[in-house]
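Notes follow the structure.
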Protein chains: 2
Amino acid sequence: MSELALRRNPSLVTMIFERLETMILSGQLQSGEPINERALSQQFEVSRAPIREACRRLEQAGLVTIIENRGVFVREISKQAAHETYEIAHLLSIEAAKKATENVTDDDLARLRTLALRIEADASDNDLASYYTNNDNFHVELVRLGGNSKSAEVYRALNNELTLYRQRGLRRLPDFERSLAAHRRILEALEKRDRDAYVAALEAHSSNMTDRLLNLGV
Amino acid sequence: MSELALRRNPSLVTMIFERLETMILSGQLQSGEPINERALSQQFEVSRAPIREACRRLEQAGLVTIIENRGVFVREISKQAAHETYEIAHLLSIEAAKKATENVTDDDLARLRTLALRIEADASDNDLASYYTNNDNFHVELVRLGGNSKSAEVYRALNNELTLYRQRGLRRLPDFERSLAAHRRILEALEKRDRDAYVAALEAHSSNMTDRLLNLGV
DNA sequence: ACCGTGTCGATTGTCGACAATCGGCCATTA
DNA sequence: TAATGGCCGATTGTCGACAATCGACACGGT
C-alpha cells in the first residue's frame, strides 16, 4: 500500500502528473530519458491507465515526447527552440515589468524577499535543484506583478520547457554571485518603485541569461 | 467498422484529440457543454481509454475542464481571462510584426493572399466557422513571419482559447467589411515591406478586436 | 565478414469489466 | 408544502488482460 494508493483525493492522474512534472523539472528525469509505464506502474503501485493519462498532459505541456508504440521520453529541446522560447519568456517578463512598479504591494515585496533569501541559502548549500526551483518561482512572481495572471501562467509553462534545456548544463554551476546581485538590484528597484531602474535590472539579468544559454550550445 | 477504426496510423488518441479540438473550435461543442465519454465511445466506435487520454491533452491545452467524477466540459472563459489572453496574443503579434517586413518572402505573400481570398469568400457565404478558422490561420501566419516559430505556436494556442470566449457572440456577425479592409491594409503594408504601416495596420485591427471583446461582456 | 530476414521479448495501445462517485428523484416527516 | 435523507442510475476512474508494434538479436546465405 503505497503513499500514492492511499491518497484518493485528488485523482491518481493529477498526483502522477505532478509527481512526474517534479521529477522532470528537478532533473531526476533527464532530457531524452524514457519513461517506462510498466516500471512506474510498479513503483507507484497503480495501473498503467492513470500513468498514461498523466503522460498525455505532460505531452501537451511540452515536457515529454510520446512516440507511438515506442514510448514516452522526456523531451529534448534544441538550442534554437530554447532561444525562441526564451525570447517569448523575456518579452512577457519585460512587458510585465512596465506595470510592476505601480502594482507591487508590501506583501509582494515581503514574499519576494523571502524567495530571494531562499535562493541565497540554496546557493550557499550548492543545492542546484532547489536553487532553480526558487529562482523560477521568483521570476514567475515578478511577471505576476504585471497584473496579467495568464501571462504568469504562460511564463511558467515556457520556463518549465526551458528547464529541460538548461539541465544539460547542470554540471556547470551558475554564477551565483552575479545572479544574487541581480536579484538584489531587482528587489531594490521594486522597493523604490523605480520603474526605469527595475526594467534596466531585469534587462541586465536577462542579458546574462542569454549569454549562458548561448554557451550551452549543441 | 467506422472511419476511425479503419485508420490505425496515427493513434486513436491523436485522431480523437484532433477531432474533438475541431469540434470545439468550430463551435459544434459549445463552452460549458459536457463531453460524455460513453456517448463518444459509441459514436466513434472505440473504447473509452483513448477518449480519456485525448481529453487529458485537451485539458492541458486549456480547451476543456475535467471535473473529477463529474466529467469533461468544454471550458468557459471569463471576460477577464479573455482580456488577459488577448493581451498576450497581441503582444506576440506586435513583436513579430517588428521583423515581419524584413523576413517576408514572395511565397509568404502568396500564401497570405490566398488565405485573405478565402476569408473574403467565407464572408460572402456567411460561413462563420470557416471564416474564423481561416482568419485565425491568417493571423498565425503573420506571427510566423516574425521568425520565432515557438511564438506562432503559443499564439495559436492562445487564440484557440480565445475562440471559446468569442463563440459566445457567434450569433452576432463580425463586421466583415471592416475586417476585410483591415486585412487588405495589412497585406499592402507587407507587400511594400513598410514596417511602420504594417505595425499601424495591425494595431488598428487589434483596437477593433478589443472593442468587440469588450462588447461580449458577461 | 556482412547483410538480410525472421523470431522473440518487452512495451505500448486499446479493450471491457468492476468499483466508486455524484446528482437527481422519490418518499417520508415535520 | 417544504425540507431532508436515502436510493438508484448514469457516469467516471482504474484495473488487468489481450493484441499489436517495434527493436534487438540470432541465424543463414552470399
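Chain letters run A, B, ... following the sequence lines, proteins first and then strands; every chain starts at 1.
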By nearest atom, which of the nucleotides C:dT14, D:dG13, D:dT21 is closest to the B:P50 side chain?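 Selected nucleotide: C:dT14.
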Checking contacts here: which listed nucleotide (C:dC15, D:dG13, D:dG16) is nearest the side-chain heavy atoms of B:I66?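 Side chain of B:I66 sits closest to D:dG13.
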Between A:T85 (side chain only) and A:L162 (backbone N and O only), is there a donor and an acceptor less than 3.5 Å apart?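 No: the side chain of A:T85 does not pair with the backbone of A:L162.
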Are any side-chain N or O atoms of A:R57 and backbone N or O atoms of B:R57, one a donor and one an acceptor, separated by less than 3.5 Å?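 Flag not set: sc A:R57 to bb B:R57 has no pair under 3.5 Å.
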For A:R48 and for B:R38, locate the closest nucleotide of DNA chain D by heavy-atom distance; then report the residue assigned to the nucleotide nearer the 5' terminus.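 Of the two residues, B:R38 wins.
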Select from A:V13 and A:N69 the residue whose nearest nucleotide in DNA chain D is closer to the 5' end of that strand.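 Its nucleotide being nearer the 5' end, the pick is A:V13.
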Side-chain-base donor-acceptor pair under 3.5 Å for A:R70 and C:dG13: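 No pair found.
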Atom-pair distance (CD on A:Q42; C1' on C:dA10), nearest Å: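 Atom-to-atom, A:Q42 to C:dA10, this comes out as 12 Å.
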Given atom CG of B:N36 and atom C1' of D:dT12, what is their separation to the nearest angstrom?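 In whole Å, D:dT12 C1' and B:N36 CG are 10 Å from each other.
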Sugar-phosphate, base or nothing in reach of B:I51, heavy atoms under 4.0 Å: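 If one applies the 4.0 Å heavy-atom cut-off, B:I51 turns out to touch nothing in the nucleic acid.
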N-O pairing of B:R166 and B:D136 below 4.0 Å: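 Salt bridge present between B:R166 and B:D136.
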Residues A:E59, A:R56: salt bridge by 4.0 Å N-O rule: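 Here A:E59 pairs with A:R56 in a salt bridge, since their nearest N and O are under 4.0 Å apart.
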Nearest-nucleotide wise, let me know which of A:G71 and A:A49 is further upstream toward the 5' end of DNA chain C.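 First, find each residue's nearest nucleotide; the 5'-ward one identifies A:G71.
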